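In what follows, chains carry the letters A, B, and so on, assigned in the order in which the sequence lines appear, proteins first and then strands, with residues in each chain numbered from 1. Values in this document were obtained by computation on a predicted structure and should not be read as measured data. Side chains included, hydrogens not; waters and symmetry mates left out as well; all remaining heavy atoms used.
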Amino acid sequence: MNQSSNFIFDIIEQDIAPGGQFFGKTVHTRFPPEPNGYLHIGHAKALEIDFGAAERFGGLCNLRMDDTNPTKEDEEYVDAIKEDIRWLGHDWGDRFYYASDYFEQMYEFAKELITKGLAYVCEQTPEEVRLNRGDLSTPAKSPFRDRPIEESMALFEKMRDGEFEDGKMTLRAKIDLASGNFNMRDPVIYRINRIRHHNTGDRWCIYPMYDFAHPIEDALEGITHSLCSLEFEAHRPLYDWVINHCSVPCKPRQIEFARLGITHTVMSKRKLRNLIEQGIVDGWDDPRMPTLCGLRRRGYTPSSIRTFHERNGVSKVNSVVDYAFLEHCLREELNRTAFRAMAVLQPITLIIENYPENQTEVFTVENNPENPEDGTREVSFSKKLFIEADDFQEVPEKKYFRLFPGNEVRLKSAYVVKCIRCEKDSAGKVHTVYATYDPDSRGGNTADGRKIKSTIHWVDADTAFNATVKLYDRLFDVESPDLADCDYIAHVRDDSVITIENAKLEASLRDCPDQARFQFMRLGYFCKDAKSSNPDEPIFIRSVSLKDSFRPKNDTP
RNA sequence: UGGGGUGUCGCCAAGCGGUAAGGCACGGGACUUUGACUCCCGCACUCGUAGGUUCAAAUCCUGCCACCCCAGCCA
């Protein structure tokens, strides 16, 4: 499937080769989202790596909700996460798990550590722990570090039994208070928190911390390779410590990779949530959001997103990929697969003066010139048409070769017409253009073989229907709104969505199914919005524009 | 000041001692019943930097510089 390798796949390959630590084993990975928000395209990168590794080596990938902190998590996200993963085309079979399903075993492993003298109950307050953490040159300290094993054990059991109030004490791993790696300075591995857990209800009032829980979750599931993002690199010694000191069934290997950044967007849950709360976007599935549900609504296909990630590769360099590359991946696919249709977004009237009144012809148009197998459809033509305002200039600018007085253009698949004159309103805006047609150019080819430089799209005023079309564009006007010192809210574009109420669409678009994707010729790729369309009022969303070398899209600073 | 990472074209990214792949973006041209698509051509004598080893270095060694992550009872 994906033939290109990366440093992680190279490592796995070595691990399962003769002499490797997982020789003879099935590669087993996992995707472990925390159910506290919606998945975005950055998560999709991890998905591609986790499920991709399993696929590549004939292994398995589990889906596991990493729900060890009930304060932040909620079941409401679980189904949405599953839906997004399925949409991307990944299958976890029957291996769907909750980290919370292992609480009992984690508790036992914690007791094992206490028994071994490798964990102790610490009664410092959160503030005291922070104060006693030391600094770059000073070791941490805890007055409870050398408390007897039996005492810690009794206290820990009472913690579970709910005998102490929240925050009163913690269970800490006894590792190295002087370590240069702060994660090893006797990290807290259990805390008391009386809050109902979405999965375990009120069964627990103590919850394990990520650094303790995650390696156990992995080991219990027989994970061979635990792939995560770069910020966990400094946690790996702790991950290995837990694996080595608890009697877990296997020793997974953690490998870290750089998370994805994309220009002109923000990726952190906090910032995305903020955009919603401030009413800047309509919700998690707003088509401008980098969430998977947002991209789905925008018209992105699963395969375009997977292609995007595959071609970006995997490394350990903090990288920010150009938004244009995401757009490229979508265009590339849709050019191949989307049916063409004609739609006029900024209509002006075109009257063919020498065309008979009340006459209608039907023309046959290819659905996709890139793929003849997609067949054809019929569109009607008559004396009065709509064309794009952009396709006419009374006084043509340099190199303009569309419609202007005296010039000929071809109406896609119909006739060659010659512009005669135009009519303007009181404000000087052109509303009607008059032309004559060449009856010998039926279908678009001239009888005398003269070349027509330009072909424009059109719709028949008699059969076209009005629809709302929403033109979405990037949300921010700066390349890196996600930088820590960037006031990203101040850089939200006020024209990131332009709503066109009365676009004129060709009749065939009227009854297309939700989410159907089209190329509106010469404009871009659009899809029918399943969320806001009514049976009688379809609403179309622009997924991405077509490239335009006449007026290159100027990139905002 | 401690620990862990990373530095190859504007942006991603191959490269693993033998003399800088590819994609995006960009510029030029051809073709075109979408100024799209497609197709050509151009786009790093140079790999953060300074030395060293070698017949030969982006690849090995040493120093320096820059940037990122870590002191939550978050993940």
Each nucleotide of nucleotides 69-75 of chain B classed B (base within 4.0 Å of a protein heavy atom), S (only sugar-phosphate) or -, in 5' to 3' order, makes SSBSBBB
Think A/Ser319 has a side-chain N or O under 4.0 angstrom from the OP1 or OP2 of B/C11? no
Ring-plane angle category for A/Phe232 and A/His235, please: parallel below 30°, perpendicular beyond 60°, tilted otherwise. perpendicular
So, under a plain 3.5 Å distance rule, would you say the side chain of A/Arg402 forms a donor-acceptor pair with the base of B/G35? yes
Can you measure A/Tyr323 atom OH to B/C11 atom C1' for me and round it to whole angstrom units? 16 Å
Per the O4'-C1'-N9-C4 / O4'-C1'-N1-C2 angle with a 90° window around 0, B/G72 comes out syn
Base, sugar-phosphate, or nothing: which does A/Lys412 touch, judged by heavy atoms less than 4.0 Å apart? base
Between CZ of A/Phe325 and CG of A/Leu330, what distance do you get to the nearest 0.5 Å? 12.0 Å
For B/G2, the nucleotide meeting Watson-Crick or G-U wobble distances (both under 3.5 Å) is B/C70
Please determine whether the number of non-hydrogen atoms from other residues, nucleotides or ligands lying under 6.0 Å from atom NZ of A/Lys141 exceeds 12. no
Got a sec, which residues hit side chain to side chain contact (heavy atoms under 4.5 Å, CB included) with A/Leu230, two or more places apart in sequence or on another chain? A/Glu233, A/Glu256, A/Ala258, A/Lys316, A/Asn318
Check whether any side-chain nitrogen or oxygen of A/His328 sits under 4.0 Å from OP1 or OP2 of B/C24, and answer yes or no. yes
How far does the P atom of B/C11 sit from the matching atom of B/G48, given to the nearest Å? 14 Å
If you draw a 6.0 Å radius around NZ in A/Lys271, do more than 12 non-hydrogen atoms from other residues or ligands fall strictly inside? yes
Please classify the nucleic acid contact of A/Ser315 as base, sugar-phosphate, or nothing, using heavy-atom distances under 4.0 Å. sugar-phosphate
Give one of base, sugar-phosphate or nothing for A/Tyr400, where a contact means two heavy atoms less than 4.0 Å apart. base
With under 30° as parallel and over 60° as perpendicular, where do the rings of A/His214 and A/Tyr239 fit, or are they tilted in between? tilted
For A/Glu165 and A/Arg194, what are the C-alpha separation, side-chain angles and deciding distance, and is it a salt bridge (Lys or Arg N to Asp or Glu O under 4.0 Å)? CA-CA 8 Å; A/Glu165 52 192 83; A/Arg194 276 180 188 67; over 6 Å; no
Euclidean distance, atom CE of residue A/Met521 to atom C1' of B/G35 [Å, nearest integer]: 12 Å
Determine whether a donor-acceptor pair (one donor, one acceptor, N or O, separation below 3.5 Å) exists between the side chain of A/Gln519 and the base of B/U34. yes
Searching all strands shown, indicate the nucleotide that pairs with B/G10 (Watson-Crick or G-U wobble; both distances under 3.5 Å). B/C24
Quantified in whole Å, what is the C1' atom distance between nucleotide B/G10 and nucleotide B/U59? 25 Å
Going through the distances and angles, do A/Arg340 and A/Glu366 end up as a salt bridge (Lys or Arg N to Asp or Glu O under 4.0 Å)? CA-CA 8 Å; A/Arg340 271 54 173 172; A/Glu366 331 83 318; over 6 Å; no
Between B/C24 (P) and A/His309 (NE2): distance, integer Å: 18 Å
Nearest-angstrom distance from the residue atom NZ of A/Lys316 to C1' of B/A13: 17 Å
Counting only side-chain N and O atoms of A/Arg522, is one of them less than 4.0 Å from OP1 or OP2 of B/G35? yes
B/U19 versus B/A44 - spacing of their C1' atoms, nearest Å: 15 Å
For residues 334-343 of chain A, which residues have at least one heavy atom under 4.0 Å from RNA chain B? A/Asn335, A/Arg340
With both distances under 3.5 Å as the test, what is the Watson-Crick or G-U wobble partner of B/U49? B/G63
Expressed as a whole number of Å, how far does the P atom of B/G7 sit from that of B/C61? 15 Å
To the nearest 0.5 Å, what is the distance between CG (A/Asn181) and CZ (A/Arg236)? 10.5 Å
Could you give the CD1-to-C1' distance, from A/Ile452 to B/U34, as a whole number of Å? 16 Å
Nearest whole angstrom, please: distance from the C1' of B/A36 to the CZ of A/Phe518. 18 Å
Base, sugar-phosphate, or nothing for A/Pro237, non-hydrogen atoms under 4.0 angstrom? nothing
Residue whose nearest RNA chain B nucleotide is more 5′ - A/Val321 or A/Leu411: A/Val321
Would you say A/Lys453 places a side-chain N or O within less than 4.0 Å of OP1 or OP2 belonging to B/G35? no
Provide the distance between the two C1' atoms, one in B/G27 and one in B/C43, to the nearest whole Å. 8 Å
Interatomic distance at C1', B/C12 relative to B/A25, whole Å: 11 Å
Checking N1-N3 plus N6-O4 or O6-N4 for Watson-Crick, or N1-O2 and O6-N3 for wobble, each under 3.5 Å, the partner of B/C55 is B/G18
Measure the distance from CZ on A/Phe257 to C1' on B/A13 and round it to the nearest whole Å. 17 Å
Round to the nearest Å and state the distance from A/Glu327 atom CD to B/C11 atom C1'. 14 Å
Suppose you measure atom P in B/U8 against the same atom in B/C45; what distance do you get, rounded to whole Å? 15 Å
Look at all strands and tell whether A/Val416 reaches a base, only sugar-phosphate, or nothing, counting heavy atoms closer than 4.0 Å. nothing
Regarding A/Val409, tell me which of base, sugar-phosphate or nothing describes its non-hydrogen contacts under 4.0 Å with the strands shown. nothing
Between A/Tyr207 and the options A/Phe103, A/Tyr107, A/Phe212, the ring pair (Phe, Tyr, Trp, His ring centres under 6.0 Å) test singles out A/Phe103
Considering only heavy side-chain atoms of A/Glu233, the closest of B/C16, B/G10, B/G5 is B/G5
From the list A/Val242, A/Ile189, A/Ile216, side chain to side chain contact (heavy atoms under 4.5 Å, CB included) partner of A/Phe109 resolves to A/Ile216
Salt bridge between A/Arg259 and A/Glu231, side-chain N to carboxylate O under 4.0 Å? yes
Classify the ring geometry of A/Tyr102 against A/Tyr97: parallel below 30°, tilted from 30° to 60°, perpendicular beyond 60°. tilted
Can you tell me the Watson-Crick or wobble partner of B/U32, both distances under 3.5 angstrom? none
Using the C1' atom as the point on both nucleotides, what is the distance between B/G29 and B/A66, in whole Å? 41 Å
